[in-house]
Each structure stands twice: as C-alpha cells, then as structure tokens.
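Predicted model, so just to flag it, every value in this text is computed and none were measured. All values below come from the heavy atoms of this structure, side chains included, with hydrogens, waters and symmetry mates left out.
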Amino acid sequence: MSNNPPRTRMTGVQRRSQLVDVGRGLFAARGLDGTTIEEIAACAGVSKPVIYEHFGSKEGLYTQVVDFEFHILLDSITAALTEEGKPRVLVERAALALLTYIEDRADGFRILMRDAPPSQPEGAFSTLLSQVTARVEHILSDEFHRRGFSAQDGAMYAQMLVGMVAMTGQWWQDSRQPDKHTVAAHLVNLAWNGLTGLQKDPELKSEP
C-alpha cells in the first residue's frame with residue numbers, strides 16, 4: 001500500500017496560476033521558441049491537453065505570463081508616480097520601483113525584455129516605457145513651464161529620463177552592485193544635477 005498522500009485536486013484558478021508560474025520560469029530561462037509545450041506540461045505535472053484547455057496554446061500561456069508581469073511592473077511604477085511629492089522625489093520612487101521589481105521578479109523582467117507577445121507586437125517593455133514616459137512628461141510639465149521650456153522640450157526630456165532609468169535597470173539586472181538605493185540616488189543625481197553639478201555622495205530625498 002502506498003504511503004504517498006493523495007493529491008489535492010486544484011481548482012481552475014489554482015491550475016492557471018500554477019501553469020503561469022511554471023511557464024514564467026521556463027520562458028525566462030529559454031525564451032518562447034526554446035520552450036516546448038511538453039516541457040511545460042512535465043514541469044507542471046499535467047498533460048498537454050490541460051495547457052490547451054486553459055490557454056489554447058503555448059503562445060497563449062506566454063501572453064498571459066507577459067501580461068501578468070507587465071501589469072505588476074506598470075502598477076508599481078504608476079503608484080510611485082501618482083503619490084504626492086516634488087518631481088525629483090517622484091522620479092526617485094519610480095526608479096526604486098523598477099529596481100525593486102527587478103530584484104524581486106528577475107524572471108519576469110527577463111521575459112519583458114525578450115520576446116514580444118502577439119498582444120504587444122512592439123514589445124512589452126517598449127509598451128510599458130511609452131506609458132511611463134507619458135506619465136513622467138505630465139509630472140515634469142510644471143517644472144519645465146517654470147523654467148521656460150516648451151512642451152516639446154518636456155516630451156523630449158521625459159524620453160531621455162525614462163530611457164536612462166530603463167537602461168540602468170537592464171545593467172543592474174545582472175550586476176546587482178551597488179545596492180538599489182545607491183543606484184537610484186546616482187540616477188537622480190545625474191538626471192537632476194547634470195554632469196557639471198554632480199554631488200560626490202548623493203542621497204535619496206524620499207528615504208528617511
């Protein structure tokens with residue numbers, strides 16, 4: 001007689017969540033093309049028809065994984081940008097939100113940086129950056145107006161600022177040194193002070 005405990009049958013929601021988790025790990029390691037439906041099924045302990053039943057195809061599962069990670073990161077950055085605070089502090093919080101996401105969900109970030117799902121043919125990360133840039137442009141508008149910059153200049157600088165943060169995040173994904181708070185402080189140091197006004201030991205204004 002077997003001593004193994006009986007398997008607990010998953011609900012549909014639990015099974016979908018499990019398959020998304022399994023798919024995330026495989027897609028992050030091997031990409032969409034490098035992952036087979038057989039591997040996903042084997043890792044999840046299910047048959048291939050179960051995956052088809054929930055997602056329709058491997059690409060359907062991939063799209064669900066991307067959409068899930070996309071909204072986690074977008075919601076995090078959006079929350080950081082909608083809190084009360086001066087523009088510099090909001091940018092600090094947004095940079096920290098990106099770095100924290102990378103720190104906590106490395107697999108998700110690798111997927112967002114990789115293959116474009118059918119729902120976002122231009123690329124998930126590019127889509128996210130476009131939405132964040134629009135928000136940053138809005139936040140900076142008052143500051144740029146006060147300094148006499150045109151709206152067109154503000155849009156251009158928003159692209160530069162978001163691009164700088166995004167590229168730094170990609171670099172930090174692999175290096176993880178220095179810590180995220182130090183990286184965010186130096187990012188905003190460059191963005192706000194420029195090369196001619198860099199502080200030797202920058203600190204975050206939003207951190208106690």
Side-chain angles (χ1 to χ4, degrees), residues 2 4-82 93-136 159 162-163 165-176 180:
S2 173
N4 293 330
R7 285 188 177 181
T8 301
R9 184 176 177 82
M10 290 187 181
T11 66
V13 172
Q14 290 172 329
R15 180 63 73 191
R16 285 180 66 87
S17 179
Q18 180 216 18
L19 292 171
V20 167
D21 287 343
V22 169
R24 181 189 302 110
L26 290 172
F27 292 138
R30 305 179 187 179
L32 175 60
D33 293 338
T35 303
T36 67
I37 200 82
E38 289 81 6
E39 289 172 323
I40 298 169
C43 288
V46 301
S47 62
K48 290 192 293 183
V50 172
I51 299 174
Y52 294 130
E53 175 187 348
H54 285 283
F55 302 102
S57 64
K58 179 182 72 171
E59 289 72 20
L61 172 58
Y62 183 79
T63 297
Q64 287 293 306
V65 170
V66 172
D67 286 348
F68 186 74
E69 294 300 323
F70 178 91
H71 285 102
I72 288 177
L73 179 52
L74 180 61
D75 290 350
S76 177
I77 295 176
T78 300
L81 292 173
T82 52
R93 291 173 180 164
L96 274 174
L98 173 62
L99 295 173
T100 298
Y101 172 84
I102 294 171
E103 184 176 63
D104 295 342
R105 305 185 68 85
D107 283 352
F109 188 68
R110 288 190 182 94
I111 290 170
L112 291 179
M113 294 299 303
R114 192 179 272 155
D115 308 306
S119 61
Q120 297 165 328
E122 69 276 21
F125 198 60
S126 294
T127 301
L128 182 141
L129 292 183
S130 295
Q131 295 189 33
V132 172
T133 299
R135 180 64 191 171
V136 170
Q159 291 279 353
V162 172
V165 173
M167 288 297 293
T168 303
Q170 293 176 48
W171 161 78
W172 191 75
Q173 175 188 13
D174 295 322
S175 70
R176 299 300 177 95
K180 65 184 179 183

Within the structure provided, determine whether [X] and [Y] are in side-chain contact (heavy-atom separation under 4.5 Å).
| X | Y | value |
| --- | --- | --- |
| R135 | T82 | yes |
| V65 | F68 | no |
| V132 | V165 | no |
| R105 | I72 | yes |
| I40 | F27 | yes |
| E69 | I111 | no |
| R114 | F109 | no |
| Q159 | V136 | no |

Trace of the side chain to side chain contact (heavy atoms under 4.5 Å, CB included) decision for Q131 with L74: CA-CA 8 Å; Q131 295 189 33; L74 180 61; 3.2 Å; yes

Salt bridge (Lys or Arg N to Asp or Glu O under 4.0 Å) against R30, all qualifying residues, sequence neighbours excluded: E39

Look only at the side chain of [X] and the backbone of [Y], and say whether a donor-acceptor pair between them is shorter than 3.5 Å.
| X | Y | answer |
| --- | --- | --- |
| R24 | D107 | no |
| T63 | E59 | yes |
| K48 | I37 | no |

Looking only at heavy atoms, what is the nearest atom pair of [X] and [Y], with distance?
| X | Y | result |
| --- | --- | --- |
| R16 | H54 | NH1-O, 2.6 Å |
| L26 | T35 | O-OG1, 3.4 Å |
| F125 | Q170 | CE2-NE2, 3.9 Å |
| L99 | W172 | O-CZ3, 3.3 Å |
| L61 | L19 | CD1-O, 3.8 Å |
| L112 | A124 | CD2-CB, 3.8 Å |

side-chain contact (heavy atoms from CB on, under 4.5 Å) against A97, all qualifying residues, sequence neighbours excluded: S76, I77, A80

Separation between CD1 of I102 and CG of D174, rounded to the nearest 0.5 Å: 9.5 Å

Between NE2 on residue H71 and CG on residue D67, distance to nearest 0.5 Å: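 H71 NE2 to D67 CG: 6.5 Å, rounded to 0.5 Å.
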
Pair T100-K180, side-chain hydrogen bond (donor to acceptor under 3.5 Å, both in side chains): steps then yes or no: CA-CA 7 Å; T100 298; K180 65 184 179 183; 3.0 Å; yes

